[in-house]
Amino acid sequence: QEHIGFSHIRGHGLFTDDMAIYQEREDFHDKGNIHIEYNFTYLDLVMDGYLNLGIRPFLELGFMPEKMASGDQHVFFWKGNVTPPKSYDSWTTLVKKTLNHLIDRYGREEVVTWPVEVWNEPNLKVFWKDADMQEYFKLFDLTFAAVKEVDPRFKVGGPAVCGGSDEVWISAFMEQ
């Protein structure tokens, strides 16, 4: 950081199972009753590390936690799930809980300065199931509303696109 002087860092996999944020467990006494828990231990370690280096996070919201995913399509060796959520309500709750946790830990005035991106390159089939534009737009709209519900000052962006269909996706996105 001393030599590069970056102000922000953007990374993939905030919601992957390796980060362990979204957890489901069956009630020991009431089989079939599922409890949802949120574990921010690894997220805190990553964010603490960035901030200790003087780099602010650029929050890319993705990939889909396995237990929340509608399918089993993955990218990368660490198995980033690229399918939409089974439940958009569960997805938006995850987004809001994560942002509220970050605000509680690092302060509202700090966290609202961190840019938020909804997914990565959904125009590529490898990063979003079937590169389904309308499904991505649904994800974006609902996620945007969830982020703004936490604090309207957040700057929310997307889609980050590449690979030849940029103009089509950006034009369609602006028209929706």
Side-chain angles (χ1 to χ4, degrees), residues 4 6-19 21-22 38 40 42-44 46-47 49-51 53 55-65 68-70 73-76 78-85 88 90-103 105-106 108-176:
I4 57 176
F6 287 144
S7 62
H8 289 81
I9 187 167
R10 174 182 173 265
H12 296 308
L14 182 68
F15 292 142
T16 60
D17 287 352
D18 285 348
M19 289 296 287
I21 293 173
Y22 182 81
Y38 301 89
F40 298 108
Y42 295 137
L43 176 66
D44 293 347
V46 171
M47 297 301 144
Y50 291 162
L51 294 169
L53 291 171
I55 305 174
R56 286 191 165 104
F58 185 119
L59 301 171
E60 177 194 291
L61 304 180
F63 291 87
M64 195 60 59
M68 191 180 285
S70 62
Q73 183 180 334
H74 299 92
V75 65
F76 302 128
W78 41 266
K79 299 184 82 171
N81 189 299
V82 299
T83 65
Y88 277 96
S90 295
W91 167 259
T92 56
T93 297
L94 170 64
V95 168
K96 289 185 282 190
K97 293 241 184 223
T98 301
L99 292 176
N100 280 313
H101 169 77
L102 292 170
I103 287 168
R105 185 170 176 88
Y106 302 105
R108 182 172 298 276
E109 296 309 311
E110 169 65 24
V111 176
V112 298
T113 69
W114 301 351
V116 177
E117 177 185 358
V118 181
W119 215 260
N120 175 63
E121 299 174 347
N123 66 313
L124 302 178
K125 290 181 181 184
V126 69
F127 286 115
W128 183 246
K129 185 176 182 322
D130 302 324
D132 184 331
M133 187 183 294
Q134 293 310 310
E135 191 69 32
Y136 171 76
F137 289 169
K138 179 179 179 180
L139 177 84
F140 181 89
D141 289 344
L142 293 170
T143 306
F144 182 91
V147 171
K148 292 294 189 171
E149 184 180 319
V150 172
D151 195 300
R153 295 177 294 168
F154 274 112
K155 292 180 179 143
V156 184
V161 293
C162 85
S165 61
D166 304 18
E167 185 179 329
V168 172
W169 270 73
I170 297 300
S171 294
F173 181 76
M174 297 305 285
E175 290 172 9
Q176 68 138 355

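Index from 1, following the sequence. Below, each value reflects all heavy atoms present in this structure, side chains not excepted, and no hydrogens, waters or symmetry copies.
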To the nearest 0.5 angstrom, please state how far the CZ atom of Arg10 sits from the CD atom of Glu60. 4.5 Å
Can you confirm whether Tyr22 sits close enough to Tyr38 that some side-chain heavy atom of one is under 4.5 Å from a side-chain heavy atom of the other? yes
Check the pair Arg153, Glu109 against side-chain contact (heavy atoms from CB on, under 4.5 Å), reporting the backbone distance first and the verdict last. CA-CA 10 Å; Arg153 295 177 294 168; Glu109 296 309 311; 2.9 Å; yes
With a 4.5 Å cut-off on side-chain heavy atoms, are Asn81 and Met68 touching? no
Could you label the plane-to-plane angle of the Trp78 and Phe63 rings as parallel, tilted or perpendicular, counting under 30° as parallel and over 60° as perpendicular? perpendicular
Rounded distance [0.5 Å steps], CG in Leu99 versus NZ in Lys148: 11.5 Å
Take a 6.0 Å sphere around CZ of Phe76 and say whether it holds more than 12 heavy atoms from other residues, nucleotides or ligands. yes
Lys96, NZ atom: more than 12 neighbouring heavy atoms under 6.0 Å: yes
Considering only heavy atoms from C-beta outward, does the side chain of Val82 approach that of Val126 to under 4.5 Å? no
State, with a plain yes or no, whether a side-chain heavy atom of Leu102 is found less than 4.5 Å away from one of Leu59. yes
Please name the pair of heavy atoms, one in Gln73 and one in Lys125, separated by the smallest distance, quoted to 0.1 Å. NE2-O, 2.8 Å
Report the distance from atom CZ of Phe15 to atom CG of Leu61, rounding to the nearest 0.5 Å. 5.0 Å
Heavy-atom closest pair (Val95 atom, Ala146 atom, distance to 0.1 Å) is CG1-CB, 4.4 Å
Note, Asp130 side chain near Glu135 side chain (heavy atom, < 4.5 Å): no
Salt bridge (charged side-chain N to carboxylate O under 4.0 Å, His left out) between Glu110 and Arg105, intermediate numbers included: CA-CA 10 Å; Glu110 169 65 24; Arg105 185 170 176 88; over 6 Å; no
So how far is it from Tyr50 OH to Tyr106 OH, rounded to the nearest 0.5 Å? 11.0 Å
Do the side chains of Asp141 and Phe144 get nearer than 4.5 Å, heavy atoms only? no
Compute the ring centroids of Trp119 and Phe127, then answer whether they are less than 6.0 Å apart. no
If you look at every heavy atom in Asp17 and Pro65, which pair is closest and at what distance? OD1-CA, 3.6 Å
All heavy atoms of Pro57 vs all of Leu51, minimum pair found to be CD-CD2, 4.0 Å
Here the gap from Leu139 atom CG to Trp91 atom CH2, rounded to the nearest 0.5 Å, amounts to 5.5 Å
Is any side-chain heavy atom of Glu121 closer than 4.5 Å to one of Val161? no
From Ile21 atom CD1 to Lys97 atom NZ, the distance as rounded to the nearest 0.5 Å: 13.0 Å
Looking at side-chain heavy atoms only, is the closest gap between Pro159 and Ile170 below 4.5 Å? yes
Ser70 side chain to Pro84 backbone, donor-acceptor under 3.5 Å: yes
With no hydrogens and no angle check, is any side-chain donor or acceptor of Asn123 less than 3.5 Å from a backbone partner on Cys162? yes
Assign the ring pair Trp128 / Tyr136 to parallel, tilted or perpendicular, where the plane angle (0 to 90°) is split at 30° and 60°. perpendicular
How close do Asp18 and Tyr42 get, counting heavy atoms only, and between which atoms? O-CD1, 3.6 Å
Does anything in residues 155-164 pair up under side chain to side chain donor-acceptor pair (under 3.5 Å), and if so which pairs, sequence neighbours excluded? none
